[in-house]
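Notes for the one structure printed next.
Scope of the values below: all heavy atoms of this structure, side chains included, with no hydrogens, waters or symmetry mates. All residue numbers refer to positions in the sequence shown, counting from 1.
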Amino acid sequence: MNCSSALFTDFYELTMTQGYFLKKHNPRVVFDMFFRALPFDGGYAVFAGLDSFLENLAAFRFSEEDIAYLRKRGGFNPAFLDYLSGFSFQGDIYSMREGTAAFPGEPMLRVEGTLIETQLIEGMLLNHINFQTLIATKTSRILQASRQGSIMEFGLRRAQGRDGAMSASRAAFIGGASATSNTLAGALFHIPVSGTMAHSWVMSFDSELEAFRDFADIYAENPVLLIDTYDTLGSGIENAVKVGLELQKKGRNFGVRLDSGDLCYLSKKVRQKLDEAGLQKAFIVVSNDLDEYIIAQLISEGAPIDAWGVGTRMVTGGNDSSLTGVYKLSAREQGNSMTPVMKISNNPVKSSLPGIKQVYRFRDSSGQLIRDMIALADEEIPQTGPLEFFHPMMERKSYVLDEFSGYEPLLIPFVKAGNRIEAVESLRDMQERCRNQLLSLDETYKRALNPHDYKISLSGELRRLKSRLVEESSH
């Protein structure tokens, strides 16, 4: 997982930072990381990847070999290379906690420091957060579709390289996966590992029955038998029932796995045969290019499936291969104070929000999430209603919330002066946070198709600041 070389950055970061260095232009600045559109046409995202980013940030250095490469490549001033040889991040980072539900336009991280150091880490930050947030979100959607069933991440062999597989296993667990097939991820991240047999196990024996018996003999705790190597409803389930009855006499349970065919039809027939044999406790696991839409359809048709093994479409993001996360300058030092700045575009979605900001999450009396407000970090937000919320893009549109039970700031300090000040959480804590966040989110926001839009608003002061900068830019 660790890629500590500071060459893990886009080349233009180096060309820009050399320019800043040579022109002695290195003021204090603030950058926001946010995404513009929800992945999968969904109603929410699950923030993930922070600890992976911070782990790599702590080791982000230019080694002697890195400097030698840049010197050989040419185009870099010796004094700048000397500066890089002693580089380490000394700024501050405020962030949401992993497992937090996130929505478009609101900062998930705020990075404060000098222009050079905040610029150099951009690529690495976006690489970690964009991918892991995408996969955590996809897994959460799959879990929602399964109606909180047992989801196992089986994507190692289809992931984009070693780093992709490791990051995906980590993020999938945050999003709600109960286990992974990735043994290294299990060891490093303390994730339960799961796996049974491939078709090659069955094919390597003289008979399917012998293959099942030998496997059940070796693995005493709930062995899972893959029954679709030859004929699922012919030999497969019949041989599994024979072994299952033998196990039942010994007080042991087992399961069967389907990896091909019409999973709805087959699972119903398999369940019928298991029940008729008196094996009501036996469980059914399915795999085979699953995603949230297929799982939702199987459940709606009453498929009696107990656990789901999901691989390719979980760890790659399926039809949505990336999160639209961006990193934008929002304030810079001018004299003795910080001056807000913003990107202004004819396309409102491409415009950014100015200033040093905080994100507040509001709840009703039952603890349900109502809406989020993006405000200036030093702005006083009333503890009680009525409170006016302003539309992030429509200047004259606002909403007054008369009552709310309270709110919480989402961006908390994780790094100060380059040192981590917030303890590392376990992935189980992050997974539990994700679960609780989604329990607090109305079902209409969690629909796989046509979800309701969760409301993101601006505070009064931020709305006025944005309007003023847009107005000034037109003159």
Side-chain angles (χ1 to χ4, degrees), residues 32-53 94-110 125-145 151 153 167-168 170-177 291-293 310 313-328 349 352-353 357 359-362 369-374 392 408 410-412 427 430-457:
D32 294 328
M33 189 265 168
F34 58 94
F35 62 87
R36 290 184 171 128
L38 284 161
F40 318 115
D41 293 321
Y44 66 91
V46 176
F47 176 63
L50 176 67
D51 273 347
S52 300
F53 162 63
Y94 296 77
S95 176
M96 294 181 179
R97 293 187 183 276
E98 293 192 71
T100 299
F103 302 94
E106 56 186 26
M108 298 189 294
L109 289 95
R110 188 175 85 226
L125 186 159
L126 290 173
N127 176 269
H128 284 281
I129 304 301
N130 276 336
F131 181 68
Q132 291 201 39
T133 297
L134 181 81
I135 304 307
T137 304
K138 185 68 170 181
T139 307
S140 175
R141 286 169 57 83
I142 291 170
L143 182 65
Q144 296 296 320
I151 305 294
E153 177 265 306
S167 296
R170 181 185 186 277
F173 190 76
I174 293 171
D291 62 16
E292 63 267 47
Y293 305 107
V310 188
R313 297 182 189 181
M314 177 186 289
V315 303
T316 65
N319 292 334
D320 236 338
S321 58
S322 65
L323 183 75
T324 57
V326 294
Y327 186 74
K328 296 299 180 184
V349 174
S352 62
L353 292 171
K357 297 176 290 297
V359 181
Y360 295 99
R361 180 151 292 167
F362 287 75
L369 306 186
I370 307 173
R371 60 174 59 219
D372 289 0
M373 173 187 281
I374 309 172
E408 59 181 317
L410 299 185
L411 299 179
I412 64 172
L427 290 190
M430 299 174 192
Q431 186 186 71
E432 182 67 12
R433 176 176 300 110
C434 177
R435 188 184 77 86
N436 290 334
Q437 289 267 305
L438 294 181
L439 285 174
S440 301
L441 198 60
D442 190 82
E443 293 298 323
T444 58
Y445 303 116
K446 295 182 283 189
R447 291 193 294 248
L449 295 171
N450 300 318
H452 197 334
D453 290 332
Y454 184 80
K455 298 299 186 292
I456 308 298
S457 304

Got a salt bridge between [X] and [Y], using NZ or NE/NH1/NH2 to carboxylate O under 4.0 Å?
X	Y	result
K455	D372	no
E153	K138	no
E98	R170	yes

[Y] and [X], any side-chain heavy atoms less than 4.5 Å apart:
X	Y	result
T137	T133	yes
P107	L411	yes
Y44	P451	no
R97	I412	yes
L109	L125	yes
M108	S95	no

| said: Please identify which of these residues, K446, R447, R313, R141, meets the salt bridge (Lys or Arg N to Asp or Glu O under 4.0 Å) condition with E292. | reply: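 Of all the options given, the one that passes is R141.
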| task | Using the six-membered ring of F34, assess whether NZ or CZ of K328 lies under 6.0 Å from its centre and within 45 degrees of the ring axis. | result |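 Verdict for F34: no cation-pi partner in K328.
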| query | Between Y94 and R110, is there a cation-pi geometry (under 6.0 Å to ring centre, at most 45° from the normal)? | reply |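 Output yes; distance and angle both within limits.
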| message | Does the plane of the ring in Y454 sit parallel, tilted or perpendicular to the ring in Y445? Use 30° and 60° as the thresholds. | response | perpendicular
